[in-house]
Undergrad: 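My questions all concern the structure below.
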Amino acid sequence: MTRGRTLGRSFYARDVLTVAPELLNKVLVHDDAEAGRLAMRIVEVEAYLGRDDPASHAYRGPTRRNATMFGPPGHLYVYFTYGMHWCANLVCGPVGRASAVLLRAGEVVAGVELARSRRPAAKRDVDLARGPARLASSLGLSGVHDGLDVVGSGPLRVLEGTPVPSSDVRTGPRVGVSGPGGVPPWRFWADGEPTVSVYRPAIPRRRASRA
DNA sequence: CCGGTGATGGACT
DNA sequence: GTCCATCACCGGA
């Protein structure tokens, strides 16, 4: 299931709220020189608007961490969080807008054995990429992939897939984001997908106090 | 199934 | 010092 046309730059160059739902059912392919190929059908995404979005990493302007977001669309923004996890986004919109789509969940459609080896904690295959850090882990993504172009001949690309009919696209609030929630339909998934990550309201927890 | 919580390090104020 | 675009594991129902 790794046939199909590679999406071009113009796909990503549009408004992030247009691109996000269209990414559903697209197939992200990662060819690792040593590990091999893994292909992931995207089933859940989340939009981040950029400078005007309090929940976005880009809200306070460019830093070394978020530099990729401020660059051209069609590049992968990978960041490190909670001291142990990587998460991946696709940069959208025009240069400088810093909008991006967080890849929240997917279904492994090629390289399942490889994904299992990367995520031994997953009890069932449906858990291999249920959640953004799990998705990145299954794909073998980390900081070395931040900034990579997914358009063209690199190890990463996104293939066309069967579009999800708009009547089957569901929307909801963002996951794990505190602060002003805002109005736009931030999160998108396809109706009936078993691999969509579970919604949990953002409840900031204090770090455990030392005795 | 569900809720509670420790892990763990970097970015930012 | 505080906050994370999170996950795995545990105990209870």
Side-chain angles (χ1 to χ4, degrees), chain A residues 16-17 19-21 23-24 28 40 42-70 75-93 97-108 115-147 170-189 194-211:
Chain A
V16 66
L17 291 176
V19 176
L23 276 169
L24 298 174
L28 176 58
M40 175 96 57
I42 298 168
V43 305
E44 185 193 5
V45 299
E46 207 160 69
Y48 287 84
L49 270 48
R51 275 192 175 281
D52 299 326
D53 181 356
S56 169
H57 290 170
Y59 183 54
R60 297 174 204 285
T63 63
R64 183 159 69 232
R65 178 209 210 186
N66 65 23
T68 299
M69 297 185 83
F70 286 85
H75 288 246
L76 199 70
Y77 168 52
V78 184
Y79 68 91
F80 185 65
T81 192
Y82 287 101
M84 62 194 98
H85 301 302
W86 298 96
C87 297
N89 298 248
L90 289 166
V91 177
C92 296
R97 177 88 64 196
S99 56
V101 175
L102 173 68
L103 305 176
R104 283 206 58 90
E107 180 200 8
V108 178
R116 286 182 187 141
S117 71
R118 286 167 170 164
R119 294 209 63 248
K123 291 185 172 60
R124 308 163 303 167
D125 286 352
V126 81
D127 294 321
L128 285 172
R130 193 162 101 123
R134 294 162 169 178
L135 180 150
S137 180
S138 280
L139 277 163
L141 298 176
S142 70
V144 302
H145 302 98
D146 179 42
R170 300 286 173 264
T171 69
R174 287 189 289 212
V175 178
V177 175
S178 54
V183 174
W186 306 104
R187 191 165 61 103
F188 302 88
W189 68 97
T195 48
V196 168
S197 59
V198 182
Y199 170 71
R200 291 200 179 73
I203 301 172
R205 260 189 303 129
R206 282 204 172 276
R207 177 173 287 231
S209 52
R210 302 278 324 265

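Please read all numbers here as calculations on a predicted model, not as lab measurements. Lettering follows sequence order; numbering is per chain, from 1.
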Undergrad: Over 60° means perpendicular and under 30° means parallel, so classify the ring planes of A:Tyr77 and A:His57, tilted if in between.
TA: perpendicular
Undergrad: Spell out yes or no: do the side chain of A:His57 and the base of B:dA11 have one donor N/O and one acceptor N/O closer than 3.5 Å?
TA: no
Undergrad: Tell me: CZ of A:Arg124 to P of B:dC1, nearest whole Å?
TA: 6 Å
Undergrad: Whole Å only: how far is the CE atom of A:Met84 from the P atom of C:dC3?
TA: 17 Å
Undergrad: What's the closest nucleotide to the side chain of A:His85 if the choices are C:dA5, B:dT8, C:dC7?
TA: C:dC7
Undergrad: If stacking means aromatic ring centre less than 5.5 angstrom from the base's six-membered ring centre, planes under 30°, is A:Tyr82 stacked on C:dC4?
TA: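 Yes, A:Tyr82 stacks on the base of C:dC4.
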Undergrad: Provide, to the nearest angstrom, the distance between the CG atom belonging to A:Leu49 and the P atom belonging to C:dA5.
TA: 16 Å
Undergrad: Given atom CE of A:Met69 and atom P of B:dA11, what is their separation to the nearest angstrom?
TA: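 Computing the A:Met69:CE to B:dA11:P distance gives 15 Å.
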Undergrad: Go ahead and name the base partner of C:dG12; Watson-Crick or wobble counts if both distances stay under 3.5 Å, otherwise write none.
TA: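 B:dC1 is the nucleotide pairing with C:dG12.
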Undergrad: Among B:dG10, C:dA5, B:dC12, which nucleotide has an atom closest to any side-chain atom of A:Phe80?
TA: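 Closest of the options to the side chain of A:Phe80: B:dG10.
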Undergrad: Closest to the A:Ser56 side chain: C:dC7, C:dA5, B:dC12?
TA: C:dA5
Undergrad: Determine the minimum heavy-atom distance between A:Val196 and A:Ala105, stating which atoms define it.
TA: CA-CB, 4.3 Å
Undergrad: To the nearest angstrom, how far is A:Tyr59 atom OH from B:dT13 atom P?
TA: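 Whole-Å distance recorded here is 12 Å.
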Undergrad: Provide, to the nearest angstrom, the distance between the CZ atom belonging to A:Arg174 and the C1' atom belonging to C:dT6.
TA: 16 Å
Undergrad: Counting heavy atoms from C-beta on, name the nucleotide in C:dC9, B:dC12, C:dC4 closest to the side chain of A:Arg65.
TA: B:dC12
Undergrad: Does any part of the side chain of A:Leu135, heavy atoms only, come nearer than 4.5 Å to the side chain of A:Arg104, both counted from C-beta?
TA: no
Undergrad: At under 4.0 Å between heavy atoms, what does A:Arg64 touch on the DNA or RNA strands: base, sugar-phosphate, or nothing?
TA: nothing
Undergrad: Are any of the side-chain heavy atoms of A:Asp125 and A:Arg116 separated by less than 4.5 Å?
TA: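 In contact.
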Undergrad: Identify which nucleotide among C:dA8, C:dC9, B:dA7 has an atom closest to any side-chain atom of A:Arg119, counting heavy atoms from C-beta outward.
TA: C:dA8
Undergrad: Check the distance between C:dA5's C1' and A:Tyr48's OH and give it to me in whole angstrom.
TA: 4 Å
Undergrad: Check whether any side-chain N or O of A:Arg134 sits under 4.0 Å from OP1 or OP2 of C:dA8, and answer yes or no.
TA: yes
Undergrad: Are A:Arg119 and A:Val108 packed together at the side-chain level, in the sense that at least one heavy-atom pair is separated by less than 4.5 angstrom?
TA: no
Undergrad: With hydrogens left out and only the distance checked, is there a donor-acceptor pair under 3.5 Å joining A:Tyr79's side chain and the base of C:dA5?
TA: yes
Undergrad: Does C:dA5 pair with anything, Watson-Crick or G-U wobble, both distances under 3.5 Å, and if so, with which nucleotide?
TA: none
Undergrad: Strictly below 4.0 Å: does A:Thr81 bring a side-chain N or O up to OP1 or OP2 of B:dG9?
TA: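 For B:dG9, OP1/OP2 do not have a side-chain N/O of A:Thr81 under 4.0 Å.
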Undergrad: Mind calculating the distance between CG (A:Asp127) and P (C:dA8) to the nearest angstrom?
TA: 8 Å
Undergrad: Would a 4.5 Å heavy-atom cut-off, applied to side chains only, mark A:Leu76 and A:Thr68 as touching?
TA: no
